[in-house]
Each structure stands twice: as C-alpha cells, then as structure tokens.
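To find a chain, count down the sequence lines: A is the first, B the second, and so on, and within it residues start at 1.
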2 protein chains.
Amino acid sequence: MQHKPIQILIVDDHPMVIEGLKTLLSDDDRVTVKTHFMNGTDTLTFLAKDTVNVVLLDVNLPDINGVEMVSKILNIRANIGIIGLSTYSEPSIINQMIKNGVKGYLLKNATADELVNAISQVHQGHFYFGSEVQKILADSVAQEHNDLPRLTRREKHILTLIADGKTTNTIAEELFISPLTVETHRRNLMQKLEVSNAASLIKVAVEKQLI
Amino acid sequence: MQHKPIQILIVDDHPMVIEGLKTLLSDDDRVTVKTHFMNGTDTLTFLAKDTVNVVLLDVNLPDINGVEMVSKILNIRANIGIIGLSTYSEPSIINQMIKNGVKGYLLKNATADELVNAISQVHQGHFYFGSEVQKILADSVAQEHNDLPRLTRREKHILTLIADGKTTNTIAEELFISPLTVETHRRNLMQKLEVSNAASLIKVAVEKQLI
DNA sequence: ATCAATATACCGGAAAACCAGTAGAAAAAA
DNA sequence: TTTTTTCTACTGGTTTTCCGGTATATTGAT
C-alpha cells in the first residue's frame with residue numbers, strides 16, 4: 001500500500017544545505033519537502049497557521065538556538081516530529097535537544113537512505129539517531145561513568161538511608177548495629193567519594209548514580 | 001535485495017510468551033528465532049560461546065533482574081541489540097534499562113508488525129520504543145516536574161553552595177553575610193523541601209531538579 | 001505609598017556530625 | 001589455608017548542624 005508522502009519542513013540558514021537536502025529527498029516519493037526557512041522566527045510564524053509532519057532542524061540558526069526551537073515548535077504543534085541536524089556534534093547539546101523532545105538527530109553527512117529512514121521512523125513516532133551520534137553519546141556517558149569508587153553492599157545501603165535523611169542513631173537502630181559502626185561507614189563513604197560532609201556526599205553519589 | 005534473516009534470542013520464563021513470540025515471528029522471513037532460554041544464567045552461558053543479533057529480554061526473570069541482565073549481556077557481546085519486554089511498565093525501571101543500554105522497549109501486547117519493525121531498527125543500531133512506553137516515560141517526566149516549591153534566588157544560590165559541601169561559615173564568608181543569616185536560609189530551604197537535614201535536602205533538590 | 005516577600009541578623013541550647021586513630025570478628029577471595 | 005576485605009566497635013574530642021523563637025532592613029509589586 002502507498003501512503004501519502006510525509007510532508008517535510010527544512011530549517012537551515014545555509015542555502016547549500018537546503019538544496020542538498022531537497023535533492024537527496026526528491027528521489028524518494030515517500031517524502032516531499034513542503035517548504036523551507038532560513039531562520040527560527042519565520043519557521044514559527046509559518047507553523048502558527050500551517051503544519052507539516054516532520055521538521056529537519058539545523059541546530060545553529062542565526063536568531064534562535066536549536067534547543068529553544070525544539071520547545072517552541074512542540075509548543076505550537078505537539079505532534080510534529082523533529083530531527084536535529086548539525087555538522088559537528090556536542091554531546092551536551094544533543095542531550096538537551098533530546099530532553100526537549102527531538103525524536104531524531106543526524107549529522108549532515110547522512111546518506112539519503114538514512115535520512116528517509118529517520119524521517120519515516122520519526123513520523124511514526126519513534127526515535128532515530130545516526131550511528132555517529134550514538135557513538136558520541138555513548139562516549140560522553142562512558143566518560144561520566146569511569147572512575148566509580150567501589151562501595152560495599154553495606155555502604156551502599158547506609159548511603160541510601162543517609163539520603164533519606166535518617167540520622168546515625170536511627171540507622172543504627174534500624175540495622176541493629178552500633179551507632180559508632182554506622183558512623184564509621186559514613187566516614188568511609190565520605191572518604192571514598194572525597195567529600196567532607198553528608199550534603200555533598202549525597203550530591204556526588206547522585207552524580208555518580210550510586211543512589 | 002534480500003538480507004539473511006536477523007537471528008533472535010528470546011529470554012522469558014513464561015512458555016506461553018515464548019511460543020507466542022515464535023509464532024508471531026515465524027511469518028516474517030526477515031527474522032528467525034535461533035533459540036530461547038527461561039532464565040538469565042543459561043542465557044549468559046549460551047552467549048559466552050555463541051551469539052545472535054537481537055535479544056528479546058523479559059524484564060522479570062527468576063534469577064537475574066532485567067537491568068543487570070542488560071549490562072551482563074552487553075559486557076559479553078557489545079554489539080547485540082537488546083529489546084526489553086514486559087507486561088506492565090514502571091518508568092524508573094525502563095529508565096534504568098535505557099541507561100544500561102537497551103535499544104528498544106515494548107509491552108507484551110505489541111503487534112507482529114511492531115515487533116519486526118523494532119527488531120529491524122535495533123538490529124541496525126537504532127532505538128525503538130513502543131508508543132505506550134513513550135507515553136509512560138513522558139508522563140513520568142511530567143509528574144516529576146509538577147509541584148516545585150518556589151525558592152528565592154538567594155536560596156537557590158545557597159542551596160548549590162551547600163551541595164558543594166561548604167559549611168555555613170564558609171558560605172557566609174563567601175557571600176559577605178553573617179553565618180546566622182546563612183543558617184536561616186538553610187533552615188528555610190529545609191522547611192520548604194520538607195526535610196530535616198542537609199543530606200536529604202540535597203537529595204530532594206536533585207530529584208526536583210533544583211540543582 | 002503601602003504591603004508582602006525577601007534578605008538580613010540574633011540568642012541559647014540540644015543534637016548530630018565530623019575528625020583522628022585503633023582494632024577485633026566475620027566473611028570472601030586467593 | 002592464608003590473606004584480604006568488609007563489617008563491626010571503640011575513645012575522646014571539636015565542629016557543625018538543627019531547633020524554637022524573634023526581629024529589622026530592603027526590595028518589589030500594587
């Protein structure tokens with residue numbers, strides 16, 4: 001069965017990229033480029049009165065930054081699928097974009113096949129991230145996850161109890177051990193995580209995902 | 001062009017589910033179920049010497065929990081795509097699974113079409129999440145963001161300094177105000193976030209994304 | 001100009017956390 | 001079995017936090 005083509009809106013301030021995308025997509029009758037804009041404001045104005053299925057959004061626009069654009073677009077038309085596009089790739093920006101609701105992310109060297117596949121998946125409400133993008137994200141996650149201090153089972157347990165706001169004495173009662181022992185554990189925890197009080201202990205524990 | 005079928009491994013402790021999946025997948029020649037196991041240990045033993053392309057992994061196994069299974073599988077065979085399966089859906093677990101590297105997540109009421117599409121996408125290294133799963137995740141994010149207590153600018157600032165492990169006196173010096181004032185702020189923070197010490201203050205602050 | 005919210009500051013006392021060091025029993029690993 | 005790690009527990013102290021109040025100056029909005 002043949003569906004009606006997926007309507008695309010391209011947002012990019014480089015004419016070359018726009019033409020390139022149009023050419024790549026012109027061969028495939030599953031998609032059709034409805035229109036394009038070279039800045040954020042015009043795009044939002046258009047979307048206020050008309051709509052498309054999928055937006056190909058350059059991250060570096062002259063007037064509005066990519067992350068904000070995503071929220072603004074979804075604010076106007078919640079069921080538009082947005083695919084982020086950029087030449088380079090900063091993990092933090094990609095992460096923010098995902099949090100704000102992009103369904104896909106590609107580098108600009110994507111092939112026509114990849115592009116159409118991404119559009120198709122995103123149009124169906126699924127995610128699509130180019131392999132390079134995934135690699136970049138994985139690397140950035142890996143970097144956060146590297147030098148985790150090894151906590152013992154007991155330490156992890158006590159750590160969560162501390163996070164719950166329980167005092168040394170309460171914890172001791174709960175575990176049927178001496179308060180002095182609990183304190184020793186807490187001090188060992190602080191030493192391992194290189195902090196000097198319970199507040200920052202909890203902060204780094206959360207950061208390192210030990211809680 | 002016709003690729004060779006994607007090899008599937010099913011892990012689930014319910015024979016009914018295994019048979020159901022096999023039947024659903026048998027009609028499609030893009031995939032083939034290589035084998036199945038009913039617990040985590042056997043699965044890992046198998047993967048130590050043989051491999052498949054995609055694992056359909058039930059989250060509730062008798063011996064090893066789903067989240068751990070994901071790490072263990074990827075530890076042995078980094079390039080296997082894992083799709084989580086469950087009947088119900090707890091956001092936190094799904095989130096953990098994603099962090100640990102599942103590429104897809106489906107509820108067990110998925111159609112054959114959806115199943116094959118998910119397998120195909122995951123096999124190509126992309127993500128695939130069923131629409132119900134996405135909804136659940138979106139809801140859980142929304143719920144976290146609701147009743148945020150309103151903190152003043154000063155309070156937010158002091159909150160971050162507390163999270164950095166600084167003492168009342170240090171903070172006071174840094175801000176050129178009296179330690180007593182800093183303490184008042186800290187006490188107000190604790191009252192607003194309904195906690196009784198700095199450790200849990202930081203925990204709920206992180207949870208509510210105030211830090 | 002007035003009123004509410006915010007930021008500032010204090011007292012006195014109790015409770016808890018933090019520090020430096022030591023050390024034996026139990027469990028796990030070699 | 002021996003060794004190492006983990007869990008347990010202590011002494012004796014200092015520092016910091018936590019609690020229940022009170023109170024004034026400053027800022028922001030109406």
For DNA chain C, determine which residues of residues 175-187 of chain B have any heavy atom closer than 4.0 angstrom to one of its atoms, and list them numerically.
Ile177(B), Ser178(B), Leu180(B), Thr181(B), Thr184(B), His185(B)
Round to a whole Å and report the spacing from [atom1] of [X] to [atom2] of [N].
X         : N       : atom1 : atom2 : result
Asn188(A) : dT6(D)  : CG    : P     : 10 Å
Leu159(B) : dA7(C)  : CG    : P     : 13 Å
Arg150(B) : dA29(D) : CZ    : C1'   : 14 Å
Leu189(A) : dC7(D)  : CG    : C1'   : 13 Å
Glu194(A) : dC19(C) : CD    : C1'   : 17 Å
His157(B) : dA7(C)  : NE2   : P     : 12 Å
Ile171(B) : dT8(C)  : CD1   : P     : 12 Å
Lys156(A) : dT6(D)  : NZ    : P     : 11 Å

When you match Ile158(B) and Asn197(B) each to their closest nucleotide on DNA chain C, which lands nearer the 5' end?
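First, find each residue's nearest nucleotide; the 5'-ward one identifies Ile158(B).
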Thr152(A) side-chain proximity, nearest of dC19(D), dA16(C), dC7(D):
dC7(D)
The criterion is side chain to side chain donor-acceptor pair (under 3.5 Å); which residues satisfy it with Asn169(A), sequence neighbours excluded?
none
Please list, chain by chain and in numerical order, all residues satisfying ring-ring contact (aromatic ring centres under 6.0 Å, His included) with Tyr128(B), sequence neighbours excluded.
His126(A)
Could you pull out all residues at least two apart from Phe129(B) that satisfy ring-ring contact (aromatic ring centres under 6.0 Å, His included)?
Phe127(A)
Is it true that the side chains of Ser120(B) and Gln124(B) contain a donor and an acceptor less than 3.5 Å apart?
yes
With side chain to side chain contact (heavy atoms under 4.5 Å, CB included) as the test, would you mind laying out the steps for Leu115(A) and Leu106(A) before giving the verdict?
CA-CA 8 Å; Leu115(A) 207 50; Leu106(A) 293 172; 3.5 Å; yes
Per-nt protein contacts along nucleotides 24-30 of chain C (heavy atom under 4.0 Å; B base, S backbone sugar-phosphate only, - none) come out as -------
Indicate yes or no for a side-chain donor-acceptor contact from Lys103(B) to the backbone of Gly125(B) under 3.5 Å, with no hydrogens or angles considered.
yes
Give a yes/no on whether any side-chain N or O of Thr168(A) is located under 4.0 angstrom from OP1 or OP2 of dA16(C).
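For dA16(C), OP1/OP2 do not have a side-chain N/O of Thr168(A) under 4.0 Å.
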Which heavy atom of Thr168(A) sits nearest to which heavy atom of Glu183(A), and what is that distance?
CG2-N, 4.0 Å
Leu159(A) CG to Ile171(A) CD1 distance, which is reported to the nearest 0.5 Å:
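One gets 9.5 Å once the value is rounded to the nearest 0.5 Å.
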Scan for side chain to side chain donor-acceptor pair (under 3.5 Å) pairs involving residues 69-82 of chain A, sequence neighbours excluded, and state none if there are none.
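Qualifying pairs, neighbours excluded: Ser71(A)-Asn100(A).
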